[in-house]
Amino acid sequence: MMLVLAMRRDRILATLTLFAGIGLALATPFALKAGAEFFLPTTAALVIAIAMVPILEWFERHRIPSALAALVCILMFLLAANIALAAIVVPAVEFFRKLPERIDRIQMNIAPLIDLYSSLERYLNRAVRHLAATGPIKTPQTTAVSPPSSILELAATSAPGAIVQVFFGILVIYFFLAGWTRLRRRTITSRSSFGGAMATARVIQHVVDDTAAYLGTITVINLALGLLVSGVLWTMGMPYPLMWGGIVALLNYVPYFGPIAAALLLGLGGLMTFRDIWAALFPAFLMIGCHLVEANAITPLIVGRRLTINPILILISISFWSWVWGTPGALLAVPLLIILQTVLGAVGKPDIAGFLFEHGAMAKGSPPKNGEAEESRGEVG
């Protein structure tokens, strides 16, 4: 009888734990989305800091103090970020400012598509008039959203918060790197057993190695891809080739969706620049071809199987983090997936199906009889 009660109690506790975990998992995304002003810069700073740990450790091996090494890492990161922004943002503002002036050239290049659209529109209009003769059609009501009236208004409403978040993220990166060695040593030595200390050390090292290896390798590949695209566009005479190469390199951090967005932007830029339709679309085709070679041959060869991730998990991660944090979330999706996959690979993945169906998380039917209890006890033993 005591065994039956103990089994029931364990099953009830397991079921309550499962339901509590499901509730926490469902509530966490909404909490992350609502608190994006805090969670987004913190998460981005931690991912960047983890990726820079190998650089920090290299400085420390050369007898540079942790605080000074962390400061050097911060300065290197800020320099790279400023170069990227100067190469992308400033030319992009100037280039797309000319978009209204290039509408005629774009229309001339896509005139065949416009003619096709006009024919389709006339057909649809005839169909709508035919349906209107048979009954009323309700038109949806739209509400106009007034944009900011000036750049000063836009800066006054958004810039202060962004500046605070960037400054907060830089501080998080610095203090994380400055205290990394002490934090890792304290985390390992605080374990009660030697096996636990070794397991903790392995998990920490795998998280750092995998994250740094992925971001470092992908950064080098994206820079090479951006420089290649920039060189070809420069030979074609397309304005701001470094800007387009920077856009390609930045968007290529987002698997699947980023290269598509880069190809569409290059197609728009080509239509704004060249008068021939094939020359205008060549930058987009160039991006697609380079991405196919990079994604199917170069990246798998360099990254290897250790960092290979299921494409379905990548799509789910991008969709989830894009919904939570928008474009920054999409950029962080794969590094966060690598960190989560590394931790789960060390501690063990949860087997929910086995928990529910094999071990009996829910008590079913009437309590077992004495014979069944003895049989269950024998199976457990």
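- Test L315, I318, I218 against P255 for side-chain contact (heavy atoms from CB on, under 4.5 Å) and you get one pass: I318.
- L228 has its side chain out of reach of L286: every pair of non-hydrogen atoms, C-beta onward, lies at least 4.5 Å apart.
- Across S317 and L337, no two heavy atoms sit closer than the pair OG-CB, 4.0 Å.
- F167 CZ: 12 or fewer foreign heavy atoms inside a 6.0 Å radius.
- I74 and F175 fall within the same hydrophobic cluster, defined by Ile, Leu, Val, Met, Phe, Trp and Tyr side-chain heavy atoms under 4.5 Å apart, directly or through other members.
- In the displayed structure, L75 atom CG is contacted under 6.0 Å by more than 12 heavy atoms of other residues, nucleotides or ligands.
- What you find for W321 and G329 is that their closest heavy atoms are CB-O, 3.2 Å.
- Heavy atoms only, all atoms of each residue included: S230 and P241 are closest at OG-O, 2.9 Å.
- Under the 6.0 Å cut-off for aromatic ring centres, Y240 and W244 do not qualify, their centroids lying 6.0 Å or more apart.
- Here the side chains of V334 and Y253 are not in contact, with every heavy-atom distance at 4.5 Å or above.
- Counting only heavy atoms from C-beta outward, the side chains of E294 and N252 approach each other to under 4.5 Å.
- The heavy-atom pair separating M52 from C73 by the smallest distance is CE-O, 3.0 Å.
- Using a 4.5 Å heavy-atom cutoff, the side chains of V248 and N222 are not in contact.
- Note on ring orientation: taking the six-membered ring where Trp is involved, the planes of W323 and F30 are perpendicular (angle over 60°, cut-offs 30° and 60°).
- Note: L68 CG to E60 CD = 10.5 Å, rounded to the nearest 0.5 Å.
- No path of Ile, Leu, Val, Met, Phe, Trp and Tyr side chains, each step under 4.5 Å between heavy atoms, connects L223 with V220, placing them in separate hydrophobic clusters.
- Side-chain contact between L215 and I338: absent, with no pair of heavy atoms (C-beta onward) separated by less than 4.5 Å.
- In this structure the side chain of P283 reaches within 4.5 angstrom of the side chain of M236, judged on heavy atoms.
- A donor-acceptor pair is defined here as one N or O able to donate and one able to accept, closer than 3.5 Å; such a pair exists between the side chain of T235 and the backbone of V232.
- In this structure, the side chains of F38 and Q165 stay at 4.5 Å or more apart for every pair of heavy atoms.
- When all heavy atoms are compared, the tightest approach of H206 to T342 is CB-CG2, 3.5 Å.
- Taken together through direct or relayed side-chain contacts under 4.5 Å among Ile, Leu, Val, Met, Phe, Trp and Tyr, L313 and F320 form part of one hydrophobic cluster.
- Considering all non-hydrogen atoms of both residues, A49 and F176 come closest at CB-CD2, 3.4 Å.
- Rounded to the nearest 0.5 angstrom, W180 CH2 and R185 CZ are separated by 12.0 Å.
- Between F274 and F282, the closest side-chain pair of non-hydrogen atoms is not below 4.5 Å.
- L183 is not connected to I339 by any chain of hydrophobic side-chain contacts under 4.5 Å among Ile, Leu, Val, Met, Phe, Trp and Tyr, and they are in different clusters.
- Hydrophobic clustering, with ILVMFWY side chains joined whenever heavy atoms are under 4.5 angstrom apart, groups I48 together with L71.
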